[in-house]
Amino acid sequence: MARAVTVVADVVAGILGMWIVLYLLNANPSNDLARWVHGTADWLSTWAHDLFTPSRGWLRTLLNYGIPAAVYLVLGHVAADWLRRLD
């Protein structure tokens with residue numbers, strides 16, 4: 001069970017990180033992959049939307065998607081460690 005929690009946390013953080021990279025590299029928003037990653041990242045980071053509103057788009061994207069990625073990683077790995085200790 002701990003491994004599953006770790007994998008889910010890593011995949012979620014990976015999707016958020018992938019959107020940051022795609023945004024920074026000016027990915028084509030009409031591309032199906034870019035659209036899927038952006039939509040999924042938006043849904044995963046809904047709770048942090050506009051948490052920070054700097055005028056520079058790259059910084060806004062980095063903060064508003066990077067912080068949720070870090071939170072999912074930390075919470076997922078802490079939960080996985082807790083589950084391992086229960087065994």
Side-chain angles (χ1 to χ4, degrees):
M1 182 56 110
R3 183 174 297 273
V5 170
T6 301
V7 168
V8 169
D10 290 348
V11 167
V12 167
I15 291 169
L16 290 163
M18 189 182 303
W19 171 244
I20 293 169
V21 170
L22 289 173
Y23 180 85
L24 294 175
L25 295 175
N26 294 316
N28 179 2
S30 299
N31 178 278
D32 289 338
L33 176 64
R35 194 174 347 174
W36 180 84
V37 171
H38 186 208
T40 305
D42 272 349
W43 184 78
L44 291 169
S45 64
T46 300
W47 58 270
H49 276 239
D50 296 330
L51 185 60
F52 297 98
T53 56
S55 60
R56 294 196 167 130
W58 68 268
L59 183 56
R60 186 173 51 250
T61 300
L62 184 64
L63 292 172
N64 290 322
Y65 293 93
I67 290 172
V71 168
Y72 286 124
L73 273 178
V74 169
L75 291 180
H77 285 260
V78 166
D81 286 342
W82 181 74
L83 288 170
R84 278 188 201 97
R85 289 183 191 156
L86 289 178
D87 284 339

The side-chain contact (heavy atoms from CB on, under 4.5 Å) partners of V7 (sequence neighbours excluded) come to R3, V11
Linking Ile, Leu, Val, Met, Phe, Trp and Tyr by side-chain heavy atoms under 4.5 Å, what else ends up with W82?
M1, V5, L83, L86
Apart from V74 itself, which Ile, Leu, Val, Met, Phe, Trp or Tyr residues share its cluster (side-chain heavy atoms under 4.5 Å, direct or through members)?
V78
Among all residues two or more places apart in sequence or in another chain, which pass the side-chain contact (heavy atoms from CB on, under 4.5 Å) test with L75?
V71
Verify same cluster id: V21, L16 (apolar side-chain graph, 4.5 Å):
no
Contact summary for A34 and L22, nearest pair of heavy atoms
CA-CD1, 4.1 Å
Kindly compute the distance separating CG (L51) from CG (L63), expressed to the nearest 0.5 Å.
8.5 Å
What residues form a side-chain contact (heavy atoms from CB on, under 4.5 Å) with R56, not counting sequence neighbours?
W58, L59
Where at least one partner belongs to residues 5-15, residue pairs that pass side-chain hydrogen bond (donor to acceptor under 3.5 Å, both in side chains), sequence neighbours excluded:
D10-H77
Pairs where residues 19-48 contributes a residue and the test salt bridge (Lys or Arg N to Asp or Glu O under 4.0 Å) is met, not counting sequence neighbours:
D32-R35
Summary of side-chain hydrogen bond (donor to acceptor under 3.5 Å, both in side chains) pairs that have at least one residue in residues 12-29, sequence neighbours excluded
none
With Y72 via side chain to side chain donor-acceptor pair (under 3.5 Å) - residues at least two apart
W47
Same hydrophobic cluster for L62 and L73, using side-chain heavy-atom links shorter than 4.5 Å among ILVMFWY?
no
On a heavy-atom basis, which atom in A13 and which in A69 lie closest, and how many Å separate them?
CB-O, 3.7 Å
Between Y65 and M18, is any pair of side-chain heavy atoms under 4.5 Å apart?
no
Taking all atoms of both residues into account, what is the closest heavy-atom pair of R84 and A2, and its distance?
CG-CB, 3.6 Å
